[in-house]
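Worksheet for the structure shown next.
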Amino acid sequence: MPASPENNRLENIRKFQADVEQCMKCGFCGYFCPIYREEHDEKGLARGKDQLIRFALEGRQDLTKGFYAAIDNCLLCKTCVQYCPAKTRIDHAVTAARADYVAEKGLPLSKRFVFRHVLPNRWLFGAALRFASWFQFVLPRRDGKFRHLPQFLTALGAGRAVPDIAPRFLRKLLPERTPARGTPTHRVGFFSGCATEYMFPEIGQNIVSLLQDLGCEVVFDRRQGCCGAPVLLSGDFATARTMAAKNVDAFRDYDYIVTGCATCSSGLREYPTYLSRTEEERQRFEQFAAKVKDFNALVIDVLSADVKRFTVKPEYQGKTVTWHDPCHLARHQDIRSQPREILRAVDGIRFVEMQDADRCCGLGGSFSITHYDVSKKIADHKANAVSASRADIIATACPGCMIQLRDALSRHKLDVEVVHIGQLFKVAPTPSANP
Amino acid sequence: MAYEQITSHLKNIVGRSNVLTSDEDCNVYSYDGTSNWIHKPDLVVFPTETRHVEAVLKLANEHRIPVTPRGGGTNVSGGSVPIRGGIALVMTRMNKILSIDGANLSARAQAGVVLMDLQVALAQKKLFFPPDPQSFFGATLGGVINENSGGPVCLKYGVTKQYMLGLQAVLPTGRIVEFGGSTVKNVVGYDLVSLLTGSEGTLAVVTEAVLRLLPMPPSRKTIVALFDDLPKSGATVGRILDQGTVPAKIELLDNWVVKSINRIAKMGLPEDAAAMLMFECDGTDEVVAHDSRQVIEICRKEGAVHIIEARDQAEAQLYWKARSAGFAAIFGAAHTVLSEDVCVPRTRMAEFIERVVAICRRAGLEVTVIGHAGDGNLHPSVMTDARDPAHYQKAQRAVEEIIEAAVEFGGVLSGEHGIGLEKQKFMRRTQDPIFIELMKKIKGIFDPNGILNPGKIWEDRSC
């Protein structure tokens, strides 16, 4: 058992006890929970989880493996929270309960090694993936760009189609400091996130280039690590704290911290909620979290950029584009209008809404590894909606969702390209930007 | 037979993944929508076909194992709580809509279909199954039938039993029976479909139902009227119906809810309004126009201080959502909320509400009264805290007085939630003993060994 302050029994659940007790047991969540919609078992339901956690507080339920399995069977997509008549924050209750379980019983073996040793160490993570990438040619290719990676190699997916590991990681491609083109108006720190760093470095390059054109000096501080979301949301708060400390330290001196990964931005913003143990710590995390901005939110809300200046890259000219709302943007950060504003304003593409654009894609981080079957079924609904929209391109702002969407679309044999919104555009120089 | 043997038999019947036995599995099937009724089953079984239900009940009957059927578990009577343990028979995986027949205005569906899913599928064909219990996001068809559910539109359209054509059910002895049929007219023998509808899962396990449908009303309109005096709002409801206008819904909200709507939805309603009536008129454009005019005119005549006419469905949705939010706020306002379900003749509604307020004022308790004013079905909600025994007892006494008052006014103790466990202590006090005796005898015919949902509706001293 790790020696940590979380050893006080159910300390985290008690911190969120008001949230746990907010549930009035109406069961409305059943209609909205992507997992319950597939499994039809109360354990998958927010109400079921809430009751189990309440029973744990009342001594009716032990912290068994089955208890962890039940509270682990949640995407933290917050769809139930969005529709809950009592506005119960089940995401708080579930995350806290995971933390109390981990504090008491330790992480399940499947997550322990990767979370404790690989993710916190940028070099080791990179080396492990690089090592895996040398061998990826031996793995069977499915459709074009996808491979089946056995779990022991990547810990990213059991038999799922995952993107190739990038031949060159982002830190080899992007300088530490990228100056603004024209007069600099903001100095922003760029937080890459693991998927952008190792799988989709082109997303990082594009975002930085766009921001450069919009008058930002962008610093890609090498001291940053993993945002910690997979670790934190699995309840390993002790490890998450070491990750948080590293990131808070790295980004001390910036006006804003921008990332193209919805999970990272929401994860970074969760530090004060879950990780602070003292008031001083909470304030430090709050100050840090307040600076974290999703790419879309930065462009629209902070830079008030003239999105008419965005020009569609030639390869996307004339295409029909739909938008997938990542849970970590739409429900965790209430960022819905900003990407649509961009997609609607830009000439050269046609924007269409698909049915249930904010429906969870079913990835849920490590959920898709541990619960791949259900994860696939949830993704099927998304694939059907994309297909019905007749879009050529599905844009989003979360590399995690991109992995899931590509997997789902390839299973459904749909010829729809999945791109990060930041990859669609360039910024036309304006006289004011280049005096 | 030992527990392990029963479990392995059940796994043979429904398949491994459809039998759950762990502590946490039993815990999540130990409750329903009520605050305080909790009892664990010994195991949880999910049938996926009618013949599974047949085999499970045969086995349970043979070994005298209690079986408690359950749908979405959204009921608020304790009815789906397995109070004697045994098997929780969870119907949620029998969730297929089997057919929708526009020409015959009927549909056939399995018991585990969620009501909202059914409504969405029907709406695509411009059809409509009127019963609208407000638990529609979680409630299953089987639950709706077994509780004979109703909701706001029951003023105009009636409750579930008016929409039942036929049922497929499995008797507790393990025999599959088709009751009723698929025609609107059917007088072949006793109406056992109606008997099963509202039987709270004590007579048979409903597996499929044939429903009577209506065409979806093409048009609807929402009107909100505020009154500075509660009896005035009550009189208004009577006057509107008396004039021959039957809106689909007439909902009543008291000052407590009006204020909480203002707080949550920032709608700027008059804070001192004693009561708010919400109307929804539906039908063809002409009917809706006529009915809305009538409603507005009578509200004005009866002294409404503020009338809002929703311009379109989007605005109407805002009001109905605000109403739900205001209702939900009641449950967040206190640790324990004792929400009752009495139904009184609508002409005595205002008088009854004043009595409720007086009872609670005397006891020093906070209470809010909302309900389906059109049919006199009210939900007085008394706020208390089960952790504070003195306060809780006081609240329970007030609830008893409220129910006695409802009966005194010619009403009933439950309009739409059912008896289950929650209300059974009031049964003996308010009902003729021969009625309870007859029910027990009927139960004995269907379920000679008393295995199906035992311990419900009437108090059973054998437990």
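In this text the structure is predicted, and so the values were computed from the model without any measurement. Chain letters run A, B, ... following the sequence lines, proteins first and then strands; every chain starts at 1.
- Scanning residues 36-47 of chain A against chain B with a 4.5 Å heavy-atom cutoff picks out Tyr36(A), Arg37(A), Glu39(A), His40(A), Asp41(A), Glu42(A), Lys43(A), Arg47(A), ordered by number.
- Side-chain atoms of Thr64(A) and Glu24(B), non-hydrogen and from C-beta on, do get closer than 4.5 Å to each other.
- No side-chain heavy atom of Phe28(A) sits under 4.5 Å from any side-chain heavy atom of Thr74(B).
- No other option in Gly30(A), Cys84(A), Gly48(A) has as many heavy-atom pairs under 4.5 Å with chain B as Gly48(A).
- Residue Tyr83(A) does not touch chain B at all, counting heavy-atom pairs closer than 4.5 Å.
- Heavy atoms of Ser17(B) lying under 4.5 Å from chain A are absent altogether.
- Note: Lys25(A) leads Gln22(A), Lys25(A), Arg60(A) in heavy-atom pairs under 4.5 Å with chain B.
- Comparing Gly138(B), Gly73(B), Ser324(B), Ser22(B) by how many heavy-atom pairs each has under 4.5 Å with chain A, the most go to Gly73(B).
- Listed by chain and number, the residues in a salt bridge (Lys or Arg N to Asp or Glu O under 4.0 Å) with Arg344(A) are Glu353(A) (sequence neighbours excluded).
- With a 4.5 Å cut-off on non-hydrogen atoms, Asp117(B) touches chain A through its backbone and its side chain both.
- Heavy-atom pairs under 4.5 Å with chain A peak, among Val76(B), Asn75(B), Val90(B), Asn95(B), at Asn95(B).
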Which side-chain N or O atoms in residues 354-363 of chain A pair as donor and acceptor under 3.5 Å with protein atoms at least two apart or in another chain?
unit_1: Asp358(A); atom_1: OD2; unit_2: Arg331(A); atom_2: NH1; d: 3.4
unit_1: Asp358(A); atom_1: OD2; unit_2: Arg336(A); atom_2: NH1; d: 2.9

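- The stretch residues 41-72 of chain A participates, sequence neighbours left out, in these ring-ring contact (aromatic ring centres under 6.0 Å, His included) pairs: Tyr68(A)-Tyr101(A).
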Practice problem: Determine, stepwise, if the pair Asp23(B) / Gln61(A) fulfils side chain to side chain contact (heavy atoms under 4.5 Å, CB included). | Solution: CA-CA 7 Å; Asp23(B) 216 26; Gln61(A) 171 68 51; 4.3 Å; yes
